[in-house]
Amino acid sequence: MKVLAVYSIKGGVGKTAAAVNLAHAAADAGLRTLLVDLDSQGAASFYFRVRPRKGADAASLLDRRESVHRAIRGTDFENLDILPAHKSFRKMERILDAVTRPRSRIAKLLKPQRREYDLVVIDCTPTLNLTAEAVFRAADLVAVPVIPTTLSARTLQMLLDFFKKQDLDRKRLLAFFSMLDRRKALHLKLVEELPAQSKARFCRTAIPVSSDIEKMGLEREPVALYAPHTRGARAVSELWEEIRERLDP
Amino acid sequence: MTELNLALPDDVQVPDLATALAAGLVVEEDGSTPVRRRYFDSFDWRLHRAGLALVREDGRWRLRRLDDDTVELETAAGGGRWPRFASEFPAGGGLRKRLDKLLKMRAVIHVATVAGDQRRWRVLNADRKTVLRFDLTALQPEKPASDRVLRVAALRPVRGYDGAADRARAEAARLGVGPLDLPFLDTVLAAIGIEAESYSSRFCADLTDTPESLAAAVRVSRTLLGTMRRNEAGLKTDLDTEFLHDFRVAVRRQRSALTIFKGVFDPAAIDGFKREFAALGRLTGPLRDLDVYLLDEARYRDMVPGALQSGLDSLFEHLREQRAGALTQVRRALGSPAYRGLTDAWDTFLADPQPGPIADRPTGDLARERLQRRHHRVMRMGRAIGSRTPDTALHRLRIECKKLRYLLEFFASLWDADEGKILVDQLKDLQDNLGEFNDLCVQQEMLRAALGELTARRKSALLEAASLGGLVAVLNARQQVVRGEFEATFAAFSRPRITKRFARLASSAEDVA
């Protein structure tokens with residue numbers, strides 16, 4: 001079982017769309033996939049129309065492995081299950097801080113899932129805190145969507161610094177450009193320059209800014225389903241191929 | 001929660017079922033696909049006996065559990081000819097390995113084909129999230145054909161939405177739709193008039209309602225004649241080796257029956273039958289011997305060192321040629337008027353048997369006396385065998401043990417089944433020892449004969465001779481070991497405790513009948 005975290009310090013960069021679309025692509029390719037929605041806004045859960053069970057709150061999930069097992073629900077897609085977000089996930093940081101060995105807690109909770117899943121995709125909350133670090137320590141690969149803007153480049157550098165400071169393996173970071181607008185000169189310039197300047201590795205594939213992907217909230221389905229032959233859907237599938245090669249699940 | 005299959009009574013309408021299973025939620029039909037299921041099993045129902053059904057459907061081989069129709073394992077079916085033996089099935093998904101364990105040397109044959117369609121539905125909650133899937137498969141026997149339509153509904157719960165599945169199950173129960181009470185395959189078989197597990201190579205006849213020996217002897221003989229006839233077709237088409245084997249065992253049992261029931265039929269009237277059944281046994285012997293060698297080919301090859309293994313190629317090639325000839329002979333014999341005449345005459349005789357001097361004797365009384373007599377004879381012969389007794393004595397004891405075994409099987413319905421089985425198991429250990437010893441003798445003889453023919457048949461036969469010689473050496477060594485083990489094996493069989501059990505079993509037969 002491999003663990004792929006999709007993470008960004010900034011919000012609104014297409015993180016959840018990427019997590020949902022990648023998880024769907026993996027399941028479609030035959031991998032038994034679990035999507036973990038750690039983002040308390042629960043957008044991924046919303047896309048799949050899954051609400052959390054009663055009692056599947058942060059405290060009980062972090063406390064007992066069985067509650068993780070019980071909280072998982074099937075999506076409408078073969079091979080794809082989801083651990084939906086619960087409103088209590090807002091308090092995740094405080095609860096995690098109180099447990100023993102908080103940094104390895106998420107890895108420990110995911111370990112028993114290896115019998116049932118080939119791949120776990122985690123949609124992370126966009127903050128750089130203890131929860132994020134626990135996810136980084138559980139992940140084989142951390143995919144980071146980056147909008148080609150100066151601000152986004154800066155937050156990527158912050159993440160690299162954090163990895164260095166916490167003695168995390170920076171090779172596990174894999175950035176990819178998200179919401180790329182080819183009409184903007186700045187976007188194109190950064191796409192050209194940033195991969196060479198940054199210490200982070202970049203994917204060849206960039207996800208374009210696309211009304212098709214934006215419609216996910218309306219359709220409540222992965223883009224490959226309602227707009228299969230669009231540029232957005234093609235980019236998602238190419239991105240998945242690149243990530244699959246790195247992960248080798 | 002896993003898939004659950006439900007039997008659908010004929011009077012339940014599809015819309016009513018869909019509404020019930022949705023239990024108040026929205027239900028949407030999801031399309032339908034044609035279904036064709038072809039069922040296979042061995043002639044002696046080895047898969048059915050193991051609670052399984054081998055199904056070819058949807059381009060896949062599936063091993064389904066009989067009780068709930070769920071799939072235990074499956075794999076994509078390859079192209080080409082229909083597989084017959086376990087070794088010819090695709091290896092994927094562990095199918096070949098599982099079948100090999102279940103079927104061994106038996107071939108699979110077509111049992112029935114059913115065809116129809118599968119309609120699928122989804123149950124959606126207020127968020128239009130699928131919380132339950134279900135489908136309805138309606139199938140009609142196609143080969144052999146029948147008008148009966150059999151329907152199975154399957155609930156496929158979605159993880160984390162157990163409530164929807166629980167409610168669906170409860171609502172279905174209110175319509176009279178519940179878990180399958182009869183395996184789906186058995187419902188199909190009932191519709192086309194086939195009885196599952198109707199053939200077994202084990203002898204089975206109920207003698208509790210044949211108080212007189214004559215009726216008992218007829219019942220036993222009829223059962224055996226039936227077995228011979230049922231194996232004829234498979235034997236002639238050479239489907240697998242076991243048709244011949246079962247056929248020969250039935251003939252041998254018949255000959256033993258005529259000895260065991262001695263005096264029950266008119267001795268003069270059955271004299272000719274005895275001779276003809278013996279001739280039938282001799283006639284089919286060579287083919288069976290060749291089958292045994294060829295079935296054991298891999299084992300033989302393992303017995304000689306790697307460098308010599310290729311020397312066995314021409315031996316097995318030669319055996320295969322011989323087998324083809326032997327098969328032609330057997331086919332011809334079974335197709336002959338002489339064979340037809342024998343079975344018809346035996347059939348006629350059994351319909352109106354000429355009684356012998358003890359035809360009226362109570363069956364239980366006869367069973368007791370004959371069991372004691374056979375057991376005493378085995379004991380006497382066994383005790384007389386020492387380390388220097390010639391091998392022929394072991395062969396005679398082997399034949400005697402077979403008769404005792406058949407006797408225990410013929411009268412099995414007259415005594416306690418568990419007690420009978422214990423003694424059969426005890427006897428089996430002794431028979432295994434004697435049987436292996438005999439096989440080793442026969443095999444060495446065959447190899448020596450092959451060795452003798454070698455110079456005449458081929459010039460460059462050095463490698464072959466070395467392999468055959470190596471094989472003889474291994475078999476001979478094993479034969480010494482088996483012979484050495486006889487003493488201990490017989491000692492176990494002749495323990496006073498076992499002897500007492502034989503006596504007790506004999507007397508219990510008298511009480512029953």
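The model shown is predicted, which means the values in this text are computed figures rather than measured ones. Order of the sequence lines fixes the chain letters, A, B, ..., with proteins taken first and strands second; residue numbering starts at 1 for each chain.
When the salt bridge (Lys or Arg N to Asp or Glu O under 4.0 Å) test is applied to A:R246, no partner is found at least two apart in sequence or on another chain. Legend: residues meeting side-chain contact (heavy atoms from CB on, under 4.5 Å) with A:S104, ordered by chain and number and at least two apart, are A:R101. Under the ring-ring contact (aromatic ring centres under 6.0 Å, His included) criterion, B:F43 pairs with B:Y199, B:F243, not counting sequence neighbours.
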Cross-chain donor-acceptor list, chain A and chain B, 3.5 Å limit, no angles:
unit_1 : atom_1 : unit_2 : atom_2 : d
A:R49  : NH1    : B:D127 : O      : 3.1
A:R51  : NE     : B:D127 : OD2    : 2.4
A:R51  : NH2    : B:D127 : OD1    : 2.8
A:R51  : NH2    : B:D127 : OD2    : 3.2
A:R53  : NH2    : B:G160 : O      : 3.3
A:H69  : O      : B:R159 : NH2    : 2.9
A:H69  : ND1    : B:R159 : NH2    : 3.4
A:R73  : NE     : B:G160 : O      : 2.8
A:R73  : NH2    : B:G160 : O      : 2.6
A:G74  : N      : B:R159 : O      : 2.6
A:G74  : O      : B:K129 : NZ     : 2.8
A:D76  : O      : B:R133 : NH2    : 3.0
A:D76  : OD1    : B:K129 : NZ     : 2.7
A:D76  : OD1    : B:T130 : N      : 3.1
A:D76  : OD1    : B:T130 : OG1    : 3.3
A:D76  : OD2    : B:T130 : N      : 3.4
A:D76  : OD2    : B:T130 : OG1    : 3.2
A:E116 : OE1    : B:R159 : NH1    : 3.0
A:Y117 : OH     : B:R159 : NH1    : 2.8

